[in-house]
**Q** 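Pasting a structure here, questions to come.
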There are 2 protein chains.
Amino acid sequence: MPPNDEVPPQDSAASPDSPERPEPPEPTPGRLRSTDIARLAGVSVSAVSLAFNARPGISDSTRKRILDIAEELNWRPHRAARALKGAGNDVVGIVIARPARTLGVEPFFAHVLSGLQSRMSIEGIATQLLIVEDTEAEVAVYRRWAAENRVDGLVLFDLAVDDVRPQLVADLRIPAVILGGHGAPSPLTSVWADDHAAMTRILDYLSSLGHRFIGHVSGVPSYQHTRRRLRAVADARETLGVDIVTVETDYSDTQGASATRRLLEASPRCTAIIYDSDVMAVAGLGVATEMGVRVPDDVSIVSFDDSVLTRLPHPPITALTRDTYALGTLTATELLHVMAERPEPRAVQAPTPELVPRGSTAPPPERRVP
Amino acid sequence: MPPNDEVPPQDSAASPDSPERPEPPEPTPGRLRSTDIARLAGVSVSAVSLAFNARPGISDSTRKRILDIAEELNWRPHRAARALKGAGNDVVGIVIARPARTLGVEPFFAHVLSGLQSRMSIEGIATQLLIVEDTEAEVAVYRRWAAENRVDGLVLFDLAVDDVRPQLVADLRIPAVILGGHGAPSPLTSVWADDHAAMTRILDYLSSLGHRFIGHVSGVPSYQHTRRRLRAVADARETLGVDIVTVETDYSDTQGASATRRLLEASPRCTAIIYDSDVMAVAGLGVATEMGVRVPDDVSIVSFDDSVLTRLPHPPITALTRDTYALGTLTATELLHVMAERPEPRAVQAPTPELVPRGSTAPPPERRVP
DNA sequence: TAGGGCAACTAAAACGTATCAGGCATATTG
DNA sequence: CAATATGCCTGATACGTTTTAGTTGCCCTA
């Protein structure tokens, strides 16, 4: 056995038998390294590495001894050194292209993030969040992250029509998953919900209540999911024979409110309004109340998204509900799979949101003379 | 030298002019390294390093040439290698100890995070978010991150009375800032708001409207900021001579609703209710409406936190408002300072929230016979 | 008893960058 | 003009791991 003479845990004066090892009692412990653990366990650094990575080639007793010592000293392999050897960083990145100040208004996003994060942390993977101003900046971040080797995976949000990001990210060889993509072929795996079917559920419901003239406050039409909803609206005009008027907005409460005002001032007036987001629905409810339009007696209100926002006001708002948290965990699971196996891209369908009738919807008022 | 004789890649005929450098045209570019940039620029790797780290010892023209080439090839220093040399990871961590499913309901947190993140990203620092179940798990994460050298800084939220985290994080030598700590001495720098003064603003306002019996739906009393608010309430009882009854909750909309019901069913009934959070205030408004208690005619409502939640319902809710986003950027700036300079801990006071009267508050109803 | 096979372990070579101690010109000084 | 300083650049080394290619010693088999 080499000069691996064990150092006696001697707090007293310098042990005379080993003059070549002064071993100063460092006040700042510097940093523990695998060497230190190896020395204390009486093995080589290689053995420490084998123990920590659960690899064969080491006896169980030695492994346990090493791990115990490391545990006691709260030592772990230095991440950077590990990553340098080609191991992952255990980080996934999420870049959101929105004005930072408006973020946090969207319960949807926060919930998805929670679910995603929760699933990832089970694997010891952290989530890195970056908020940028626009898609251009977002693309720059992807390039930088790819060059720096900063993340092991990505989640893409808010896919637009003709979005450049999937191809870019695929070219950069970063494992990634699209949340809210379409079912169509794509260079990336996507997790998507059937917005068309979801919107149809709302329209069927309102139609069955007797509504024949419906307002639709939609979101940004460049988003893919908005497109799908609009298509469902178009289809319903034919299938159900209802009259639907759409007002496009930017998803903000401000535009949701003004769109509502416009719809309610029009004559003839629609008997129900569908909102593409919970924030706009609540804003719309406020406008109606303010204008003296009773909900649901005069007009019914339905929200496409559900959250605490829709449940708290009076009356609570009928909404499509889905387990947004579970959507996050599903996305995370899929991303983990992509990171591990690099499979061919595929489309994973999330459950279609369910309609939850609440107090904001009722049959339309009797037709009365103007 | 051991039998490590180099194996010639004999797939092609050895190029006669440089037999020691086969330089195969790699189809997968592997990865660019500083060596490649150096070769293309006709300099050494050291020069590349000097150029990228803006250090002296290199001419401007050479620097530019190197940077241009790197830019063109989208090359950047490998993060792990850089971090291994002692440079920072350019990552700050945020650990939130709450049930993941309930997160995302809090606009406050999301806004702060946006501001924080936005300021950090200016410095090229990413924000790593982790949601854990309880404080015990949170502490474990700090230990792990410290051992792994994963983050350059931390932000601590939701400080409790007798919180163990500040001392732990200080012991682990991780630069950190507390958001919402108190003004008292602490091992860590903290950014705090004067909750006492803020609550006093609400009480003064309600008192000046003529309210003499006020309900207070408070949050978890183990939080430091809750304590400060309660103290302000106690002080106001004496100073203003108003009668205040406090109901403690866990900040959830459910408990906010039931607390409201209890307050409104009591006799005599209070003429105003203060809520410690926006979520509870909105829930309370819903309960009042449902019970046929008019707001603000029968009871006034004030929220301690402001957000889209308080602005959207009808009537909009009078609230203490502050620039939560700016609070995030302020915290970020402070953390950057701590990371760079390791100064003595200090307490940075954020602006005291301002009261914004909205439709939910009015003078109390005339006293009438029971 | 030689040989092979195996388990347990180790020495040394990466990984990609930053830094440090020079080296070599050219400019400045006495 | 020699001596010194300065500007620009390079070679070698270190950072803390993982991994590869061994090297033991031991048991089993023929």
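Computed from a predicted structure; not experimentally measured. Protein chains get the first letters and strands the later ones, always in sequence-line order, with residue 1 at the start of each.
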**Q** OP1 or OP2 of D:dG16 less than 4.0 angstrom from a side-chain nitrogen or oxygen of A:Thr35, does that happen here?
**A** no
**Q** Where each residue is assigned the nucleotide of DNA chain D containing its nearest heavy atom, which of A:Ala87 and B:Val43 is assigned the position nearer the 5′ end?
**A**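 Closer to the 5' end of DNA chain D: B:Val43.
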**Q** Starting from P on C:dC9, measure out to CG on A:Asp60 and report it in whole angstrom.
**A**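 Value for this atom pair: 10 Å.
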**Q** CZ of B:Arg39 versus C1' of C:dT17: gap in Å, rounded?
**A**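 Nearest whole value for this atom pair: 17 Å.
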**Q** Between D:dG16 and A:Trp75, is there an OP1 or OP2 to side-chain N/O distance shorter than 4.0 Å?
**A** no
**Q** Atom CZ of A:Arg76 and atom P of D:dT18: how far apart are they, to the nearest Å?
**A** 13 Å
**Q** Starting from P on C:dA18, measure out to CZ on B:Arg33 and report it in whole angstrom.
**A**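 Rounded to the whole Å, the gap is 15 Å.
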**Q** Does a side-chain N or O of A:Thr62 approach OP1 or OP2 of C:dC9 to a distance below 4.0 Å, or not?
**A**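 The answer is yes; a side-chain N or O of A:Thr62 sits under 4.0 Å from OP1 or OP2.
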**Q** Return the nearest nucleotide to the side chain of A:Ala47; candidates are C:dG16, C:dT10, D:dT10.
**A** C:dT10
**Q** To the nearest Å, give me how far apart CZ (A:Arg79) and C1' (D:dT18) are.
**A**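 Rounded to the whole Å, the gap is 14 Å.
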**Q** How long is the straight-line distance from CZ of B:Arg165 back to CG of B:Asp163, given to the nearest 0.5 Å?
**A**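 Here the rounded value is 4.0 Å.
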**Q** To the nearest 0.5 Å, how far apart are CZ in B:Phe109 and CG in B:Leu129?
**A** 5.5 Å
**Q** Roughly how many Å is it from CZ in A:Phe52 to C1' in C:dC9, rounded to a whole number?
**A**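 In whole Å, C:dC9 C1' and A:Phe52 CZ are 18 Å from each other.
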**Q** Measure from CD on A:Glu148 to C1' on C:dC15 and round the result to the nearest Å.
**A**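 The answer, rounded to whole Å, is 17 Å.
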**Q** Applying a 4.0 Å non-hydrogen cut-off, can you work out what A:Gly57 is touching in the nucleic acid: base, sugar-phosphate, or nothing?
**A** base
**Q** Quick one, give me the B/S/- string for nucleotides 19-24 of chain C, reading 5' to 3', where B means a protein heavy atom under 4.0 Å from the base and S means that only happens at the primed atoms, P, OP1 or OP2.
**A** B-----
**Q** If you look at every strand shown and take non-hydrogen atoms under 4.0 Å, does A:Ile58 touch a base, only sugar-phosphate, or nothing?
**A** sugar-phosphate
**Q** Does A:Ser59 put a side-chain nitrogen or oxygen below 4.0 Å from OP1 or OP2 of C:dA8?
**A** no
**Q** Write down the distance between CG (B:Asn89) and P (C:dA18), rounded to a whole number of angstrom.
**A**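 After rounding, the reported distance stands at 14 Å.
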**Q** Rounded to the nearest 0.5 Å, what separates atom CD in B:Glu148 from atom CH2 in A:Trp75?
**A**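 Answer for the CD-CH2 pair, B:Glu148 versus A:Trp75, is 10.0 Å.
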**Q** Is there a donor-acceptor contact under 3.5 Å linking the side chains of B:Thr333 and B:Arg119?
**A** yes
**Q** Please confirm whether the shortest side-chain N or O distance from A:Arg82 to OP1 or OP2 of D:dG16 is below 4.0 Å.
**A** no
**Q** Salt bridge check, A:Asp60 against A:Lys64: does any charged N sit closer than 4.0 Å to a carboxylate O?
**A** no
**Q** Rounded to the nearest 0.5 Å, what's the gap from CD1 on A:Ile125 to CE on A:Met339? Could you check?
**A** 4.0 Å
**Q** How long is the gap from CZ on B:Arg63 to CD1 on B:Ile58, to the nearest 0.5 Å?
**A** 5.5 Å
